Amino acid sequence: MPPIRRLPQSLINKIAAGEVVERPASVVKELMENAVDAGATRIDVAVAGGGTEMVRVVDNGCGIPADELPLAVASHATNKLAEADDLFRVSTLGFRGEALASIAEVSRLTLRSRTAESQSGAQLEVVGGQAGEVVPCGCPVGTTVEVQNLFFNTPVRRKFLRSTQTEFGHVGEAFTRIALAAPQVHVTLRHNDREVFELAACDGPLERIARFFGRELAEGLIWVESAEGPVRLSGYVAHPAHSRSHNRMQYFFLNGRCIRDRALQHALGEAYRGLLMTGRYPIALLTLEMPPELVDVNVHPTKLEVRFQDSGRLYSQLLATLRGKFLTTDLTVHVRPAAEGDPSGGHDQTRAAQLRQELVDWAKGKVASWGGPGGGAAESAAGAAFGAGSPFDEEGFGEGRRPLELTQLDRAWRAPEGALAERPDQSSAGPPAVVSATSVDRSARALQVHNRYLVTETAEGVTIIDQHALHERILYEQLRARVASGAVEAQSLLVPEPVDLSPSEAATVLEHRELLGQLGMKIEPFGGDTVLVAGYPAMLANISPVELLHEVLERLLSGGRAPDRGDLLDELLHAIACKAAIKAGDRLTPEEIAALLEQRHLVDDPHHCPHGRPAALVFTREELDRRFKRG
Ligand code: ADP
Ligand code: MG
């Protein structure tokens with residue numbers, strides 16, 4: 001064993017940096033917190049490459065005197081604590097004096113600052129922990145910290161960085177937390193020269209909640225407040241109709257600091273017990289204000305976790321406040337239908353009929369609509385509510401539909417089987433007479449069997465068509481023609497819908513944002529692992545955009561990525577068409593059958609069997625004759 005040695009300062013700093021600086025988002029958090037502590041009324045955050053290339057935070061706070069710049073970047077140097085007791089009454093976000101030193105250890109950091117008393121500013125550069133000279137520079141009052149090439153000297157850490165989009169997702173989350181905690185500060189966020197957020201100062205967080213999580217959610221929030229002794233609890237919780245599959249939409253702010261606390265999360269879950277389905281988590285943005293000596297914030301390097309002196313009491317206060325509020329609130333008043341793509345939401349007969357008509361319309365008007373925007377069902381269907389499920393899924397469409405005459409046909413169809421055997425000569429006269437009993441004209445007559453196949457007579461014999469495959473193919477062709485002419489219309493959602501994804505899903509979606517845009521799917525980054533669905537292909541107005549996104553995602557994530565853009569586009573077209581098409585099991589009206597059959601030539605094309613399965617089987621007359629031993 002080698003002897004025990006004191007570690008060199010730079011190694012100490014690197015170890016500390018490991019705790020404080022996990023990724024670019026940590027830098028954003030620390031720099032923004034410093035700006036808030038400095039009393040800034042405006043903070044501008046700009047990042048490049050998800051923050052891995054550059055993070056710059058500019059504030060108009062109190063600034064740092066030129067002679068203190070070297071101390072600011074030295075470890076364990078702070079102006080926020082003076083004596084040991086201060087540690088137990090921390091009223092600032094920072095106090096450990098570690099952040100700047102840690103960040104400077106693993107990046108190229110430039111610190112520029114000027115106080116109101118000083119005529120000019122001063123600048124200090126630190127490269128991998130090596131500080132240069134303080135030099136004068138011109139700058140406005142306040143502080144600018146620019147961090148470049150994070151982890152350039154710690155390749156192991158650099159390897160842990162994820163894609164640009166993932167890292168930016170985390171940056172967005174850090175920004176969101178501070179923006180919500182400090183609504184009185186004007187904050188902006190830019191990524192690669194694109195403005196992501198510009199949020200003017202406001203009194204409370206509600207306006208920001210709307211910007212971050214959607215206006216619909218914000219407007220449905222329930223205000224709660226209570227005070228117990230010196231502890232004040234206030235904020236917003238969502239109506240039980242809004243919930244999440246994870247607890248990341250539970251924000252707790254303690255004296256201006258965003259914290260995570262299992263006990264509080266648990267209390268929140270308890271308050272909603274019986275109001276949410278299992279596996280769903282409430283949404284909440286709650287603020288706790290209490291004298292700083294009632295809480296120890298020095299238990300976690302990034303201060304995300306804290307220790308309350310009386311956490312049991314806090315637990316009860318939160319639970320009682322929410323329970324009390326729910327008891328006196330008519331929770332049904334706020335229910336909005338179909339907020340999360342509930343397929344059964346807001347469905348009625350009229351709508352079902354309308355949707356059915358649309359299917360017929362587009363199938364008939366397909367040629368006219370191929371040329372570009374403005375044709376076919378795109379218009380008639382535009383504006384159909386998002387959120388309602390696919391009209392073609394069993395719940396939305398199948399139910400409430402009148403059973404068709406097909407049941408009768410079914411029986412009649414079977415009867416001739418026996419008859420055929422007895423009077424074989426008659427079968428050659430033509431197809432079974434019963435088929436013409438439909439209201440559909442001769443060219444399109446067909447029989448739907450088992451709610452999944454269409455059996456039709458052709459000049460050569462009999463064709464059995466897979467109804468889903470045919471519809472999928474029709475939709476695919478339409479989409480492809482529109483994509484080819486650059487005319488996929490996007491139907492914008494009135495209220496963009498936030499979709500929570502896993503980090504890798506979010507990254508994948510954002511990576512292919514442009515491609516999805518070509519398909520009419522408008523996706524916006526939203527911070528964290530949430531994306532906004534802002535628009536979807538207008539011609540598919542009947543499908544839930546969120547479901548469509550999930551379908552597309554599955555395609556993007558499954559297996560090896562298609563090598564070229566064309567292939568990928570093709571894959572996605574198939575996914576979209578498949579999702580939007582009628583399913584096996586959907587009973588069709590004669591009109592729908594006719595509309596589908598008008599394009600049956602599409603499934604005759606042997607080169608385009610969707611998924612490689614045959615979409616149609618052809619029995620020639622010769623084949624039938626042979627099988628019936630007639631030839
Ligand atoms: P801490 O915030 O824990 O004190 P930091 O390493 O984050 O430690 O910052 C060190 C010191 O540098 C702070 O105590 C503060 O005096 C000064 N400082 C850092 N950022 C700013 C800023 N944006 N404006 C004014 N002073 C700052
Ligand atoms: Mg700090």
Side-chain angles (χ1 to χ4, degrees), residues 9 12-22 25-46 55-84 86-107 109-118 121-126 129 131 134 137 139-147 174-175 177-178 181-182 185-188 255-258 292 296-304 306:
Q9 189 59 44
I12 293 173
N13 290 351
K14 279 210 179 65
I15 291 169
E19 281 192 323
V20 179
V21 192
E22 189 193 350
S26 330
V27 175
V28 171
K29 170 188 179 287
E30 294 295 339
L31 298 185
M32 284 184 82
E33 285 188 349
N34 280 346
V36 172
D37 281 345
T41 57
R42 175 171 180 138
I43 306 173
D44 295 294
V45 183
V55 173
R56 183 174 53 237
V57 175
V58 182
D59 71 56
N60 63 355
C62 63
I64 307 168
D67 58 334
E68 289 182 24
L69 286 184
L71 269 179
V73 297
S75 56
H76 307 299
T78 177
N79 66 352
K80 300 171 194 177
L81 296 180
E83 46 181 305
D86 291 348
L87 195 50
F88 305 100
R89 43 172 187 259
V90 174
S91 58
T92 48
L93 296 172
F95 58 86
R96 295 165 64 111
E98 251 181 1
L100 285 186
S102 299
I103 296 166
E105 190 66 38
V106 291
S107 69
L109 179 145
T110 309
L111 177 59
R112 218 172 290 134
S113 199
R114 186 185 141 200
T115 60
E117 298 76 43
S118 173
Q123 173 177 322
L124 175 63
E125 267 186 49
V126 192
V134 175
C137 74
C139 63
V141 173
T143 304
T144 296
V145 183
E146 186 167 313
V147 176
F175 178 86
R177 289 180 184 175
I178 292 171
V185 183
H186 181 146
V187 288
T188 67
N255 295 344
R257 183 194 310 281
C258 186
D296 185 356
V297 288
N298 188 29
V299 294
H300 191 268
T302 64
K303 299 151 242 157
L304 183 60
V306 298

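All values derive from a computational prediction rather than experimental measurement. Order of appearance sets the numbers: ligands from 1, and atoms from 1 within every ligand. Keep in mind that the numbers below use all heavy atoms, side chains included, and drop hydrogens, waters and symmetry copies.
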Checklist line | Any donor-acceptor N/O pair, K29 side chain to T302 backbone, under 3.5 Å | finding: yes
Checklist line | side chain to side chain donor-acceptor pair (under 3.5 Å) partner of K80, chosen from T92, D86, N34 | finding: N34
Check: Without hydrogens or angle criteria, can the side chains of H186 and T188 be said to hold a donor-acceptor pair below 3.5 Å?
Finding: no
Next item on the list: Compute whether any side-chain donor of one residue and acceptor of the other, for E68 and S113, lie under 3.5 angstrom apart.
Entry: no
Check: Of all the atoms in N34, is at least one N, O or S atom closer to the Mg ion (ligand 2) than 2.8 Å?
Finding: yes
Note down each nitrogen or oxygen pair, ligand 1 side and protein side, whose separation is under 3.5 Å; give only atom names and the distance to 0.1 Å.
residue	atom	partner	partner atom	Å
ligand 1	2 (O)	N34	OD1	2.9
ligand 1	2 (O)	K80	NZ	2.7
ligand 1	3 (O)	F95	N	2.9
ligand 1	3 (O)	R96	N	3.0
ligand 1	3 (O)	G97	N	2.7
ligand 1	4 (O)	T78	OG1	2.6
ligand 1	6 (O)	A99	N	3.2
ligand 1	6 (O)	L100	N	2.8
ligand 1	7 (O)	N34	OD1	2.9
ligand 1	7 (O)	N34	ND2	2.8
ligand 1	8 (O)	G97	N	3.4
ligand 1	14 (O)	T78	OG1	3.1
ligand 1	14 (O)	N79	N	3.1
ligand 1	14 (O)	N79	OD1	3.1
ligand 1	16 (O)	N79	OD1	2.9
ligand 1	16 (O)	N79	ND2	3.1
ligand 1	20 (N)	N34	ND2	3.4
ligand 1	23 (N)	D59	OD2	2.8
ligand 1	24 (N)	T143	OG1	3.2

Item checked: Side-chain donor-acceptor contact under 3.5 Å, N60 with T41 -> yes
Check: What are the two closest heavy atoms between L71 and A77, and how far apart are they?
Finding: O-CB, 3.1 Å
